[in-house]
Amino acid sequence: MTAVDDVLILVGADEVSPGTHDLKAWWISAPDAELVHERTFAAPSDDDKFNTRDEVGRGVAIVGDEVVVVGERETMGIDMKLRRRTVVLRYDLDAALWGQWTSPGELMDEDAAMAVAPLRGWVRRHRMGP
């Protein structure tokens with residue numbers, strides 16, 4: 001969970017059928033708990049015709065003027081087995097999607113994401129060298 005002004009941003013998943021989830025992000029007003037926005041990420045129907053593959057959110061952070069959500073999704077590996085891959089979603093502060101990326105899985109059988117944190121402030125304070 002993270003916050004922008006008086007809006008909380010939560011990530012997780014909605015169960016669409018037993019054992020199958022779609023990644024979801026919710027923008028919720030802190031003062032009155034009203035739902036401001038919600039965004040769902042699921043594999044395109046070309047990849048998952050019957051929406052049987054899992055997508056779940058694992059973390060969210062504010063980085064500059066964007067909301068970065070990390071999670072995982074199931075994709076078919078080259079060995080024709082389902083593999084978990086990292087997915088990164090970028091939104092503006094008002095929940096408009098700026099971009100999405102799914103790991104191609106070039107280095108590991110599975111590479112699912114677990115968290116995200118903004119590092120820009122840390123990098124500025126801890127720069128090495130001149």
Side-chain angles (χ1 to χ4, degrees):
M1 174 174 59
T2 192
V4 176
D5 298 323
D6 63 349
V7 176
L8 302 175
I9 305 170
L10 309 166
V11 298
D14 265 347
E15 188 173 55
V16 293
S17 62
T20 301
H21 304 86
D22 285 345
L23 187 155
K24 195 138 202 182
W26 297 269
W27 281 250
I28 301 169
S29 170
D32 57 17
E34 293 283 327
L35 181 63
V36 179
H37 305 287
E38 63 181 332
R39 299 292 179 255
T40 301
F41 172 81
S45 60
D46 289 349
D47 292 342
D48 187 12
K49 186 173 184 173
F50 300 108
N51 198 15
T52 58
R53 296 188 188 160
D54 228 16
E55 298 94 13
V56 294
R58 296 292 187 198
V60 60
I62 304 299
V63 179
D65 60 350
E66 67 185 84
V67 176
V68 178
V69 173
V70 296
E72 62 187 60
R73 65 183 283 208
E74 291 179 328
T75 63
M76 191 61 68
I78 58 172
D79 57 0
M80 301 309 289
K81 292 182 181 178
L82 283 179
R83 301 292 185 189
R84 293 180 308 149
R85 299 281 178 233
T86 299
V87 62
V88 178
L89 306 171
R90 297 175 48 233
Y91 298 94
D92 71 11
L93 298 177
D94 293 321
L97 182 65
W98 281 359
Q100 62 187 32
W101 174 82
T102 298
S103 167
E106 298 164 327
L107 301 176
M108 300 172 10
D109 282 343
E110 293 192 326
D111 62 2
M114 297 310 286
V116 61
L119 293 177
R120 288 184 182 166
W122 185 89
V123 170
R124 277 189 224 121
R125 288 190 304 275
H126 298 88
R127 241 178 244 197
M128 298 179 70

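These numbers were taken from a predicted model, which means no experiment stands behind them.
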Student: Could you go step by step and tell me if Leu89 and Val11 meet the side-chain contact (heavy atoms from CB on, under 4.5 Å) rule?
Tutor: CA-CA 11 Å; Leu89 306 171; Val11 298; over 6 Å; no

Student: Could you tell me the separation between the CG atom of Asp54 and the CZ atom of Arg84, rounded to the nearest 0.5 Å?
Tutor: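 If we round to the nearest 0.5 Å, Asp54:CG and Arg84:CZ are 10.0 Å apart.
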
Student: Is there a side-chain contact between Glu34 and Ile28 (heavy atoms, below 4.5 Å)?
Tutor: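 No; the side chains remain at least 4.5 Å from each other.
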
Student: Sort out for me which residue in Glu55, Glu38, Glu15 forms a salt bridge (charged side-chain N to carboxylate O under 4.0 Å, His left out) with Lys24.
Tutor: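 That would be Glu38.
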
Student: Answer yes or no: does atom CD1 of Ile78 have more than 12 heavy-atom neighbours from other residues, nucleotides or ligands under 6.0 Å?
Tutor: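 No.
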
Student: Does Val36 belong to the same Ile/Leu/Val/Met/Phe/Trp/Tyr cluster as Ile9, with side-chain heavy atoms less than 4.5 Å apart forming each link?
Tutor: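 Yes.
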
Student: What are the two closest non-hydrogen atoms of Leu8 and Ala3, and how far apart are they?
Tutor: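 Result for this residue pair: CD2-CB, 3.9 Å.
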
Student: Any chance you could measure Leu23, atom CG, to Arg39, atom CZ, to the nearest 0.5 Å?
Tutor: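 It is 13.0 Å, given to the nearest 0.5 Å.
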
Student: Between Leu10 and Leu35, is there a shared hydrophobic cluster once you connect ILVMFWY residues whose side-chain heavy atoms come closer than 4.5 Å?
Tutor: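 Both belong to a single hydrophobic cluster.
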
Student: Nearest 0.5 Å, what's the CG-CE distance between Leu82 and Met76?
Tutor: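 Going from CG on Leu82 over to CE on Met76, the span is 4.5 Å.
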
Student: Can you get from Val56 to Leu97 by hopping between Ile, Leu, Val, Met, Phe, Trp and Tyr side chains that sit under 4.5 Å apart?
Tutor: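 Result: no, two separate clusters.
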
Student: Under 3.5 Å, side chain of Asp22 to main-chain N/O of Asp14, donor-acceptor pair present?
Tutor: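 Here the side-chain-to-backbone pair does not exist.
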
Student: Assess the residue pair Val88 and Val69 against the criterion (side-chain contact (heavy atoms from CB on, under 4.5 Å)); give the C-alpha distance rounded to whole Å, side-chain angles, the decisive distance to 0.1 Å, and a yes or no.
Tutor: CA-CA 6 Å; Val88 178; Val69 173; over 6 Å; no

Student: How far apart are the C-alpha atoms of Asp5 and Leu93, what are their side-chain angles, what is the distance that settles it, and do they pass the side-chain contact (heavy atoms from CB on, under 4.5 Å) test?
Tutor: CA-CA 10 Å; Asp5 298 323; Leu93 298 177; over 6 Å; no

Student: Test side-chain contact (heavy atoms from CB on, under 4.5 Å) on Arg85 and Asp111 and set out the steps.
Tutor: CA-CA 5 Å; Arg85 299 281 178 233; Asp111 62 2; 3.4 Å; yes

Student: Among Trp27, Trp98, Phe41, find the residue that satisfies the ring-ring contact (aromatic ring centres under 6.0 Å, His included) test when tested with Tyr91.
Tutor: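 It is Trp27; the other options fail the test.
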
Student: Can you tell me how far apart NZ (Lys49) and CG (Asn51) are? Round to the nearest 0.5 Å.
Tutor: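 Answer for the NZ-CG pair, Lys49 versus Asn51, is 13.5 Å.
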
Student: Is Asp48 reaching over with its side chain to a backbone N or O of Ala43, donor-acceptor style, under 3.5 angstrom?
Tutor: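 Not a single qualifying donor-acceptor pair exists.
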
Student: Atom CZ of Arg73 and atom CG of Asp47: how far apart are they, to the nearest 0.5 Å?
Tutor: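 Rounded to the nearest 0.5 Å, the CZ-CG separation comes to 5.5 Å.
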
Student: Any chain of hydrophobic side-chain contacts (each under 4.5 Å) joining Met1 to Ile62?
Tutor: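 No.
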
Student: Within the distance-only criterion (no hydrogens, no angle test), does the side chain of Thr2 pair as donor or acceptor with the backbone N or O of Ala61 below 3.5 angstrom?
Tutor: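 Absent.
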
